[in-house]
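Naming convention: chains lettered A, B, ... in sequence-line order (proteins, then strands); numbering from 1 in each chain. What you see below is based on every heavy atom in this structure, not just the backbone, and it leaves out hydrogens, waters and symmetry mates.
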There are 2 protein chains.
Amino acid sequence: MPPPIPPPVPRLSDVARAAGTSPITASRALRAPDQVAPATRARVEAAARALGYVPNLLAGALASARTHTVGVLVPTIASSIFAATINGLTSVLEEAGFAILLAQSGYDPAREARGLAALLGHRPEGVVCIGAPLSPASAAMLAAARRAGTAVVETWEIPDAPIGAAVGFDNHAVGRAVAAHFAAAGRRRLVFAGGTDPRAAARSAGFAAGARDAGLPAPARLRLPVPAAMDNATEACRTDPRLATADAVFAATDIHAMGLLTGFRALGRAVPDAVAVVGLGDLDLARHTQPALSSVRIDGDAIGRRAAALILEGGGDPPPRIDLGFTLIARASG
Amino acid sequence: MPPPIPPPVPRLSDVARAAGTSPITASRALRAPDQVAPATRARVEAAARALGYVPNLLAGALASARTHTVGVLVPTIASSIFAATINGLTSVLEEAGFAILLAQSGYDPAREARGLAALLGHRPEGVVCIGAPLSPASAAMLAAARRAGTAVVETWEIPDAPIGAAVGFDNHAVGRAVAAHFAAAGRRRLVFAGGTDPRAAARSAGFAAGARDAGLPAPARLRLPVPAAMDNATEACRTDPRLATADAVFAATDIHAMGLLTGFRALGRAVPDAVAVVGLGDLDLARHTQPALSSVRIDGDAIGRRAAALILEGGGDPPPRIDLGFTLIARASG
DNA sequence: ATCCCGAATGACAGCGCTACCATCAACGGT
DNA sequence: ACCGTTGATGGTAGCGCTGTCATTCGGGAT
C-alpha cells in the first residue's frame with residue numbers, strides 16, 4: 001500500500017480563489033477587516049471557514065518581520081515558585097495575540113545558551129528571562145538581540161547592569177529583612193538554606209548583612225540542590241549539624257521551608273519554639289502547612305504581567321528597572 | 001535626534017560571503033557538517049561565530065517544511081499537577097532540537113480554541129494536549145491538523161475516540177480503586193471533591209461506581225472551581241455540610257486534598273480518625289503534610305516523556321493508546 | 001588512457017505570505 | 001465639466017532559507 005498522501009493544507013490563495021478575490025485582498029480581509037468592503041470581507045471569511053484555513057504564521061512573519069512571538073526562558077517550570085509569573089506573563093501576551101516559546105535552562109549555563117539560541121532563531125519580538133543569564137555567552141546573545149530590536153526583560157532580580165528592562169525585587173533586601181525579623185524575635189543562631197542560583201546567593205548575602213547589622217553571629221549557609229525539592233531540605237535536617245543547633249532558618253523558597261518543617265518534626269525540634277522557619281514565595285501551601293509558614297511574599301503574577309506589558313511596548317526606552325517589592329508575612333512558623 | 005537605526009541582523013549570505021562560499025554551502029556546513037569539506041566547514045563556522053549569526057528558523061522552516069516546533073496545550077501551568085508532565089515533555093523535545101510553543105486554555109473552551117488556532121498557525125510538527133479538547137471546534141482543528149500530517153497526542157486521559165495517540169491512565173479506574181480502598185477501611189459516607197473538568201468527572205464517576213460495587217451509599221459530588229486552589233477546598237469544609245458528615249473524601253488533586261486537611265483541622269475533625277482524605281498526583285507535598293497524605297500516584301514525568309517520544313516518531317501508526325497506570329499510595333491520612 | 005563514481009560545491013526556484021505602490025471608480029466642491 | 005480625494009482592490013517583488021537538480025574535479029578500476 002502506498003503511503004497515504006496527506007491532503008494539502010489550504011493556503012491563502014485557495015481562500016482567495018474560493019472568495020473570488022486576489023490573495024492580497026483576502027489577506028487584508030482577515031487581518032485588517034475594515035480596509036475591505038463588508039461584502040468582500042464576508043465572502044472571504046466564509047471561504048476561510050469553509051476550507052478550514054489556518055494562516056501560516058511563519059510565512060506571514062517572514063514577510064512582515066513581525067513574528068508575534070515572545071520567548072520565555074525559565075530555570076524550570078517544575079518548581080511552582082515561578083508558575084505565577086509564567087501565568088501572568090502568558091495571560092497578557094496571549095491576550096495580545098502573541099505566541100509563547102518556552103525554554104528551560106535547568107539552572108545549567110550550557111543548556112541555557114542552547115535554549116536561548118533556539119529561541120532567538122525564531123526571531124521573537126521579545127525575550128523574558130527569569131533571572132539574569134547564567135553565562136556570558138547567553139548574555140552576549142541577549143545583548144545582540146536587543147541591539148537588533150528585540151525587547152528584553154529580566155525578572156525576579158534587578159541586576160546591576162541589566163541587558164534590557166528588569167522587573168523584580170531586591171533579593172539582598174529580602175535577606176536583610178528576614179535577618180532583622182529574626183533578630184527582633186530574639187533569635188541568634190541563623191541559617192540560610194537555599195539553592196546555588198544567583199538569586200538565592202543574593203538573599204544569602206543580604207541575610208548575612210542583616211545579621212551583622214543586628215550584632216548577630218554570621219549565619220551558616222546551607223547549599224541545597226536546584227531545582228528546589230522538599231525532600232532535600234528534609235534530608236538536610238538529618239544530616240547537617242548546623243540545622244540541629246539553629247534557632248532560625250531562612251529558606252530560599254517555600255518548597256525548602258516546607259521540607260524543613262517535616263525534617264524538624266522528625267527531629268522533635270518544635271517550630272517555632274525551638275527553631276523559626278521563614279520561606280519565600282508565599283505559595284498557597286504556606287497557609288496550609290502545620291504550623292502555617294511565615295514567608296516573604298513575592299507577587300509573581302504582577303512580575304509576569306509587568307514584564308509582558310514591557311514587551312508589548314518594545315522594552316521601554318530607556319528600559320526601566322522596576323522594583324515590585326516584597327512583604328514579610330509572619331505566620332506561626334516564626 | 002533621528003531614531004537609531006538598528007544594525008542589520010546577519011544573514012546566511014553574510015556568513016557565506018565572509019567565508020568565501022556560496023550561501024548553500026554555508027547552509028550545509030551548519031546543518032550537515034559531514035557533507036562539506038573540513039576546511040570549508042571550519043571557515044563557515046568561524047565566520048558564523050564572528051558575525052554572531054543566528055539562523056532564521058522561520059525562513060528555514062518555510063523552505064524545508066520542517067518547523068522543529070511542537071505545540072503544547074495545557075489547562076494551566078499554575079497548577080503544579082501538570083508541571084512534571086510539561087517538564088518531561090520539554091526535556092525530551094528540547095534535547096531533540098524542538099522548540100516548545102505553549103498555550104493555556106484556562107479550562108475555557110473558547111480560549112482553548114483561540115490558543116490552538118494560534119499554535120497551529122505556527123505549523124508545529126506535533127501537538128501535545130493535556131486532556132482531550134474541550135470543544136468540538138478544538139477537536140475539529142486537531143483532527144484536521146492530524147490529517148495534514150501533524151502528530152497529535154492527548155495525555156492524562158485516554159478518550160474513547162482519541163484524535164491521535166493517547167498517553168495517560170484510566171481516570172474511571174482511579175475512582176473505583178479509591179472507593180474500594182475506602183470501603184475496605186470501613187468508610188461509608190464518601191465524598192468526591194474536585195474540579196469540573198472531564199478528568200475529574202471521570203474520577204468521580206468511577207468513584208461512584210466503586211462505591212456501588214462495595215454496597216455503599218452513593219458518594220456526594222462536591223464541585224470546586226478550576227484551576228485547583230487549596231483555599232477553595234478549605235473554604236468548602238466550612239460551608240458545605242456534606243464535608244461535615246463525610247468519613248472519607250477523595251480529592252481530585254493533592255492541591256485540594258491539602259486544603260481539606262487544613263479545613264478539617266479548623267473544624268476539629270481528626271484526619272484520619274474522623275475522616276479519611278486521599279488525593280491525586282502524589283506531589284512532593286503529599287509526603288510533607290501533617291498527617292502525610294495518601295494519594296494516587298501518577299507518573300507525570302513518564303507521561304510527558306512518552307508523549308514526546310510519540311511526537312518524535314510522528315505520532316505512531318496506528319496511533320497507540322498507552323495506559324501508564326497509577327498506584328494508590330496509602331499514608332497516614334487514610 | 002579511458003571511464004565512471006563519489007565528494008564537494010553551486011545555480012535556481014520557490015516555500016506562503018505581506019509591504020509597497022499602482023490602479024480605478026465614485027464622489028463632491030468649485 | 002474638471003480635478004483632487006477617498007475607498008477598494010490588485011500586481012509585483014521579496015522576506016531568508018533550503019530542496020532539487022546540475023556541475024566540477026580528482027582518483028581508482030579496467
Side-chain angles (χ1 to χ4, degrees), chain A residues 6 8-45 47-48 51-69 97 118 120-125 148-149, chain B residues 6 8-45 47-48 51-69 97 118 120-125 148-149:
Chain A
V9 176
R11 295 166 300 178
L12 186 60
S13 59
D14 298 322
V15 174
R17 194 174 327 111
T21 74
S22 70
I24 184 66
T25 298
S27 171
R28 272 193 289 252
L30 297 172
R31 289 180 305 135
D34 37 303
Q35 286 180 33
V36 301
T40 312
R41 184 200 319 169
R43 287 207 317 280
V44 171
E45 284 169 354
L51 294 172
Y53 173 66
V54 178
N56 186 326
L57 268 22
L58 267 52
L62 188 59
S64 70
R66 294 289 318 260
T67 58
H68 290 287
T69 293
L120 294 176
H122 288 90
R123 297 294 187 265
E125 297 186 25
Chain B
V9 176
R11 294 166 299 178
L12 185 59
S13 58
D14 298 322
V15 175
R17 192 173 329 111
T21 76
S22 69
I24 185 64
T25 297
S27 171
R28 273 194 287 253
L30 298 172
R31 290 180 306 136
D34 38 302
Q35 287 181 32
V36 169
T40 313
R41 183 198 322 169
R43 286 207 319 281
V44 171
E45 283 169 353
L51 294 173
Y53 173 68
V54 178
N56 186 328
L57 267 24
L58 266 52
L62 189 60
S64 69
R66 294 287 320 258
T67 58
H68 291 287
T69 292
L120 293 177
H122 287 90
R123 298 293 187 265
E125 297 186 25

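Residue Tyr53(A) places at least one side-chain N or O under 4.0 Å from the OP1 or OP2 atom of dC17(C). Contact annotation: Ser27(B) side-chain N/O to dT18(D) OP1/OP2 distance is under 4.0 Å. In terms of phosphate contacts, Thr40(B) brings a side-chain nitrogen or oxygen within less than 4.0 Å of OP1 or OP2 of dT9(C).
Residues that satisfy the side-chain contact (heavy atoms from CB on, under 4.5 Å) test with Ala26(B), not counting sequence neighbours, are Leu12(B), Ala16(B), Thr21(B), Val44(B).
Regarding Leu57(A), its CG atom lies at a distance of 10 Å from the C1' atom of dC17(C), rounded to whole Å. Between Gln35(A) atom CD and dT18(C) atom P there is a gap of 12 Å when expressed in whole angstrom units. Separating the CG atom of Asp14(B) from the P atom of dG16(D) is a distance of 9 Å, rounded to the nearest angstrom. Going from atom CG of Asn56(A) over to atom C1' of dC15(D) covers 13 Å, rounded to whole Å. Rounded to whole angstrom, the span from the NE2 atom of His122(A) across to the C1' atom of dG16(D) amounts to 14 Å. If you measure from atom CZ of Arg123(B) to atom C1' of dG16(C), you get 9 Å, rounded to the nearest angstrom. Remark: P of dA11(C) and CG of Leu12(B) are 14 Å apart, rounded to the nearest angstrom.
Pairing each heavy atom of Ala18(A) with each of Leu51(A), the nearest pair is CB-CD1, 4.3 Å. Across all their heavy atoms, Ala48(B) and Leu30(B) have their closest contact at CB-CD2, 4.4 Å. Pro10(A) and Asp14(A) get closest at one heavy-atom pair: CA-OD2, 3.4 Å. The two atoms that bring Val36(B) and Arg28(B) nearest to each other are CG2-CB, 3.8 Å, heavy atoms only. Closest approach of Leu57(A) and Ala118(B) over heavy atoms only: CD2-O, 3.7 Å.
Interatomic distance, His68(A) NE2 to His122(B) NE2, rounded to the nearest 0.5 Å: 9.0 Å. The OG1 atom of Thr67(B) lies 9.5 Å from the CG atom of Asn56(A); values are rounded to the nearest 0.5 Å. Distance check: Gln35(B) CD to Ser27(B) OG gives 10.0 Å after rounding to the nearest 0.5 Å.
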Considering only nitrogen or oxygen atoms on both sides, find all protein atoms under 3.5 Å from nucleotides 19-24 of chain C and state each distance.
| from | atom 1 | to | atom 2 | distance (Å) |
| --- | --- | --- | --- | --- |
| dA19(C) | OP2 | Arg31(A) | NH1 | 3.4 |

Output a table of nitrogen or oxygen pairs between the protein and nucleotides 23-25 of chain D separated by less than 3.5 Å.
none

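For Arg11(B), the side-chain atoms get nearest to dC17(D) when compared with the rest of dC17(C), dT9(C), dC17(D).
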Steps toward side chain to side chain contact (heavy atoms under 4.5 Å, CB included) verdict (Leu62(B), Arg123(B)) = CA-CA 10 Å; Leu62(B) 189 60; Arg123(B) 298 293 187 265; over 6 Å; no

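Comparing the axis of the opening five pairs of the helix from dA1(C)-dT30(D) to dT30(C)-dA1(D) with that of the closing five pairs yields an angle of 40°, rounded to 10°.
Judged as a side-chain hydrogen bond (donor to acceptor under 3.5 Å, both in side chains), the pairs with a partner in residues 57-66 of chain A (not counting sequence neighbours) are, in order, Arg66(A)-Glu125(A).
For the pair Leu62(B) and Ala26(A), nearest-nucleotide mapping onto DNA chain D gives the more 5' position to Ala26(A).
In the region residues 15-23 of chain A, proximity to DNA chain D at under 4.0 angstrom, judged on heavy atoms, holds for Thr21(A), Ser22(A).
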